[in-house]
Amino acid sequence: MDEGGMGRRERRKRATRAALSEAALRMCAERGVANVTAEQVAEEVGVALRTFFNYFSCKEEAVVAGDAAIAEAIVAAFRGRPAAEPVLAALRAAVLEVVDEDKLRFHVEHLQVLRGDPALLPYRLKAFAARERELAAAVSERTGVGDEDLYPGLVASCMLSALRVATQRWLSEPGPLSSLIDTVVAQLDAGLGTPLDRSRADANGRPEPVRAQAWGASQATGRECTP
């Protein structure tokens, strides 16, 4: 077993799965989903078609698998965080531990090319729902709050959406993704009643509320206030 507790055979399986997923994503983005077959993906990776179907039921499932793998790793890292760590702090640390910016950029940019393909939509929705359930279950375990409570599902949904927003912004502006992740987690922790100013930070390096008093007054009076 290696230092992560994973055997050589399991590492090979994960590497093969990742290679098939990346090949399917790249080929479909380049040629269109309708113009790529599972056999071509298998040939690209140098494995038998039977091996492809050992991992995926179809090419569409392979295309979205990379995103799912990143989310699974985040959930696993979150479960491994110290029990006393607050939920959002643990999620932030888990994301920063897992996310490889180069790999993430590959997945997001290629998926953007395929965004309008109707063949992928049910698989993307299914994968997102599965990630949300897994993260909600992990939050429930950490907090001791049961599935009947709204909290685990709300945290999971908000966090995944926040990561999507941060990632989309990261693709269009210079700077590290980690800074945007810090901002979105700080915003979730502060609540959504007041926006945060990324150009200002408190003693702990967290963005401060944008003109909090003026903003609050505008909400109370119903008038719009420009931050």
Under 3.5 Å donor-acceptor pairs involving side-chain atoms of residues 58-67, not counting sequence neighbours:
from: Lys59; atom 1: NZ; to: Val33; atom 2: O; distance (Å): 2.7
from: Lys59; atom 1: NZ; to: Val36; atom 2: O; distance (Å): 2.6
from: Glu61; atom 1: OE1; to: Ser57; atom 2: N; distance (Å): 2.9
from: Glu61; atom 1: OE1; to: Ser57; atom 2: OG; distance (Å): 2.4

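Without hydrogens or angle criteria, Thr167 side chain to Leu163 main chain gives a donor-acceptor distance under 3.5 Å. Side chain of Thr143 to main chain of Val139: a donor-acceptor pair is present (N/O by atom type, distance under 3.5 Å, no hydrogens or angles). Between the Glu134 side chain and the Glu72 main chain, no donor and acceptor come within less than 3.5 Å of each other. Between the side chain of Gln40 and the main chain of Thr37, a donor-acceptor pair closer than 3.5 Å is present. When atom types are taken as modelled, the side chain of Ser21 and the backbone of Arg17 share no donor-acceptor pair closer than 3.5 angstrom. Remark: side-chain polar atoms of Arg142 are paired, donor with acceptor, to backbone N or O of Phe78 under 3.5 angstrom.
When the side chains of ILVMFWY residues are joined at heavy-atom separations under 4.5 Å, either directly or via intervening members, Leu154 and Leu91 end up in two distinct hydrophobic clusters. Under the 4.5 Å side-chain heavy-atom criterion for Ile, Leu, Val, Met, Phe, Trp and Tyr, Leu104 and Val185 are members of the same hydrophobic cluster. Each of Ile70 and Leu120 belongs to its own hydrophobic cluster when Ile, Leu, Val, Met, Phe, Trp and Tyr are linked at side-chain heavy-atom distances under 4.5 angstrom. In terms of hydrophobic clustering, with Ile, Leu, Val, Met, Phe, Trp and Tyr side chains grouped at heavy-atom distances under 4.5 Å, Val113 and Leu171 are assigned to different clusters. The same ILVMFWY cluster, assembled from side-chain heavy atoms under 4.5 Å apart, contains both Phe53 and Val47.
Minimum heavy-atom separation, Leu49 to Ala38: CD1-C, 3.8 Å. Nearest heavy-atom pair across Val98 and Ala77 is CG2-CB, 3.7 Å. Residues Leu177 and Ala166 come closest through the heavy atom pair CD1-O, 4.0 Å. Scanning all heavy atoms of the two residues, the minimum distance from Leu88 to Leu188 falls at CD1-C, 3.9 Å. The two residues Arg131 and Ala71 come nearest to each other via the heavy atoms CD-CB, 2.7 Å. Heavy-atom minimum distance, Ala93 versus Glu85: CB-OE2, 4.4 Å.
The side-chain heavy atoms of Arg124 and Leu111, taken from C-beta on, include a pair separated by under 4.5 Å. The shortest distance between side-chain heavy atoms of Phe106 and Leu25 falls below 4.5 Å. At a threshold of 4.5 Å between non-hydrogen side-chain atoms, the residues Arg169 and Val184 do not count as touching. Side-chain atoms of Val45 and Thr51, non-hydrogen and from C-beta on, never get closer than 4.5 Å to each other.
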Worksheet item: Taking it one step at a time, do Val108 and Gln168 satisfy side chain to side chain contact (heavy atoms under 4.5 Å, CB included)?
Response: CA-CA 8 Å; Val108 175; Gln168 294 300 324; 4.0 Å; yes
Worksheet item: Could you walk me through whether Ile74 and Glu97 pass the side chain to side chain contact (heavy atoms under 4.5 Å, CB included) check?
Response: CA-CA 8 Å; Ile74 290 172; Glu97 175 186 333; over 6 Å; no
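Here CE of Met159 is found 9.5 Å from CZ of Arg92. Values are rounded to the nearest 0.5 Å. Rounding to the nearest 0.5 Å gives a distance of 12.0 Å between CZ of Arg11 and OG1 of Thr16. Taking OG of Ser157 as the reference point, atom CZ of Phe128 lies at 5.5 Å (rounded to 0.5 Å). To the nearest 0.5 angstrom, Glu10 atom CD is 14.0 Å from Arg8 atom CZ. Atom CD of Glu22 is separated from atom NZ of Lys103 by 7.0 Å, given to the nearest 0.5 angstrom.
Here Arg105 pairs with Glu109 under the salt bridge (charged side-chain N to carboxylate O under 4.0 Å, His left out) rule; sequence neighbours left out. Under the rule for a salt bridge (charged side-chain N to carboxylate O under 4.0 Å, His left out), the partners of Glu44 that lie at least two apart in sequence or sit in another chain are Arg26. For Phe56, the ring-ring contact (aromatic ring centres under 6.0 Å, His included) partners at least two apart in sequence or on another chain are Phe52. Applying the salt bridge (charged side-chain N to carboxylate O under 4.0 Å, His left out) rule to Glu43 yields no partners; only residues at least two apart in sequence or on another chain are considered. Every residue was checked against the salt bridge (charged side-chain N to carboxylate O under 4.0 Å, His left out) condition with Arg133, not counting sequence neighbours, and none meets it.
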